[in-house]
Amino acid sequence: SPGSLAVYRASGLNDHYQYFNYATKSLPNGLGVGGQLGHFGLWLDSNFTTGCSNPAATFASQRLSAEDEFAIDTVEAWLVQPSRNPDSDDDGRPSKSVVEANPDAAALLEMANRTMYSRALPTSKTDDVDSR
């Protein structure tokens with residue numbers, strides 16, 4: 001029943017796992033999961049304001065909402081990928097020290113008479129770890 005927690009795995013009946021269309025006039029714009037145009041297991045319009053849910057053969061699922069159509073209150077999106085520091089080079093080593101990357105913060109630390117330990121760290125590949 002809607003409101004309870006359930007897991008729906010691929011049923012193998014079809015491969016209609018995902019539909020996404022944006023900024024075209026010939027097909028509906030939005031995100032659909034399971035099912036087909038007009039009968040998705042879960043449909044979110046491209047503005048993320050409305051959606052609908054229907055039973056879907058793709059996941060052998062029932063309707064996921066109390067009503068066929070609903071207004072969207074909140075959308076939470078996640079990106080799962082290996083972490084990567086945007087201030088690092090290809091091998092993951094920092095391309096800049098914290099002091100070099102944040103000169104304003106370094107100036108504030110200096111004015112507060114705080115020790116900046118990262119000044120003593122190697123700042124480039126030529127100041128390699130092997131020299132320690």
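The first residue of the sequence shown is numbered 1, and numbering continues consecutively from there.
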Q.
Between Tyr17 and Phe59 (side chain of the first, backbone of the second, donor and acceptor by atom type, cut-off under 3.5 Å), is there such a pair?
A. no
Of all heavy-atom pairs linking His39 and Asn54, the shortest is CA-ND2, 3.6 Å
message: Whether the side chain of His16 engages the backbone of Gln36 through a donor-acceptor N/O pair (distance < 3.5 Å, no angle test) should be reported.
response: no
Between Ser11 and Ala57, is there a donor-acceptor pair closer than 3.5 Å when you use the side chain of the first and the backbone of the second? yes
Rounding to 0.5 Å, atoms OG1 (Thr58) and CD (Gln18) come to a distance of 11.5 Å
* **Any donor-acceptor pair under 3.5 Å from Asn29 side chain to Thr24 backbone** => yes
Margin query: For residues Trp43 and Tyr22: do they belong to one hydrophobic cluster (side chain heavy atoms under 4.5 Å, members Ile, Leu, Val, Met, Phe, Trp, Tyr)?
Written below: no
Keeping Ser61 on the side-chain end and Tyr8 on the backbone end, is there a donor-acceptor pair under 3.5 Å? no
To the nearest 0.5 Å, atom CG of Asn21 lies from atom CG of Leu37 at 9.0 Å
>> If we ignore hydrogens and angles and just use 3.5 Å, is the side chain of Ser46 paired with the main-chain N or O of Gly30 as donor and acceptor?
In response: no
Given the options Ile72, Asp45, Leu44, Thr50 meets side-chain contact (heavy atoms from CB on, under 4.5 Å) only with Asp45
side-chain contact (heavy atoms from CB on, under 4.5 Å), that's the test. Do Leu27 and Tyr19 meet it? Break it down for me. CA-CA 11 Å; Leu27 293 168; Tyr19 169 89; 3.4 Å; yes
Value for CG (Leu31) from CZ (Phe40), rounded to nearest 0.5 Å, stands at 8.5 Å
Note: Gly41 and Ser53 closest approach over all heavy atoms is O-OG, 2.6 Å
